[in-house]
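The structure under discussion appears below in the form of structure tokens.
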Amino acid sequence: MEHTPQLSIVIPAYNEAACLGPLLGELNAALAGGPTYEVLCVDDGSTDGTLEVLRSTRERLPQLRIVRHHSRSGQSAALWTGFGRAKAPWIATLDADGQNDPRDLPRLLEARDASPEREELWLVTGIRRKRRDTLLKRVSSRVANAVRGRLLRDGISDTGCGLKLMHRARILTLPRFDHMHRFLPALVMRSGGRVLTVEVGHRPRTAGTTKYGVRNRLFVGVVDLLGVLWLQRRTTHPIIEEEL
Ligand code: UDP
Ligand code: MG
């Protein structure tokens, strides 16, 4: 791509061969007449033909860039691989399974543009109005969000939504660790950045399987939560009074 796009869309994908083709078509339609954009699909070491689907989609979607991990490294790692390669000043993220509706993306862009705090704005995060997941996932997510919200005081009711919009250079200054994507609002606030929320839709997964269960979400989440609490406690923002 010759010119710097206005928006980079980063999509982490692990074994999402059946979902990606339709999703990329929807995304293209949702952004018609909008900002110039590139789509960075990060194949997190898939074994189901995801790479082949991406390759063939690229023939009709020249804005598509493909990066592939040698082996599965996790959603956060895939997102960071995309963040580091994104060319636009703003990045949008979206899950590859189609559970996020690309038609919500323009609303995140509008919220950013209408914000009086745009200079301090780091992150616009989607809040899923009605989760279309299994009962077990909805309940465990509700518990995790409640505990996280109480301890981190980030005031965000749903941090796991894959649909987000963020300022690239600012986000790249955040600490990087596995599962950090669920703590983005708290990490941004810790750095003094502003976070906006926008209610978005959510759709059932139509193909493929979820990559998370109680074991690799809830239990791992406790360790991550303690880590982020520690980071919050150990943060100072000195005000420079004089510099000669
Ligand atoms: N994902 C990934 N690597 C992983 C786990 C997940 O790239 O190790 C991607 C996955 O393909 C999807 C997104 O992260 O695009 C969210 O995962 P999933 O839909 O399974 O999460 P859920 O919606 O069930 O919480
Ligand atoms: Mg999903």
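Atoms considered below: every heavy atom in the structure, side chains included; atoms not considered: hydrogens, waters and symmetry mates. Every number for a ligand or one of its atoms is a count from 1 in the order of the listing.
Sorted by chain then number, the residues whose non-hydrogen atoms approach ligand 1 to under 4.0 Å are Pro12, Ala13, Tyr14, Glu16, Asp44, Arg72, Gly74, Gln75, Asp95, Ala96, Asp97, Gln99, Lys137, Arg205, Thr210, Lys211, Tyr212, Arg217.
By the 4.0 Å N-to-carboxylate-O rule, Asp97 lies close enough to Arg205 to be salt-bridged with it.
Among residue pairs with one or both ends in residues 149-178, those qualifying as ring-ring contact (aromatic ring centres under 6.0 Å, His included) are Trp90-His167; sequence neighbours excluded. Here side-chain hydrogen bond (donor to acceptor under 3.5 Å, both in side chains) pairs that include residues 225-237, with residues two or more places apart or in two chains, are Arg190-Thr235.
In this structure, a donor-acceptor pair under 3.5 Å is absent between the side chains of Glu16 and Thr50. Thr81 and His69 form a side-chain donor-acceptor contact under 3.5 Å, judged by distance and modelled atom types alone. With no hydrogens or angles considered, a side-chain donor-acceptor pair links Asp133 and Gln99 at under 3.5 Å. Defined by atom type and a distance below 3.5 Å, a donor-acceptor pair is present between the side-chain atoms of Ser76 and His181. Between the side chains of Asn145 and Arg148, at least one donor N or O lies within less than 3.5 Å of an accepting N or O.
For Arg65 and Tyr37, the positive end is not near the middle of the six-membered ring at less than 6.0 Å and at most 45° from its axis.
Inspection of the environment of the Mg ion (ligand 2) yields the following protein N, O or S atoms under 2.8 Å: Asp97 OD2, Gln99 OE1.
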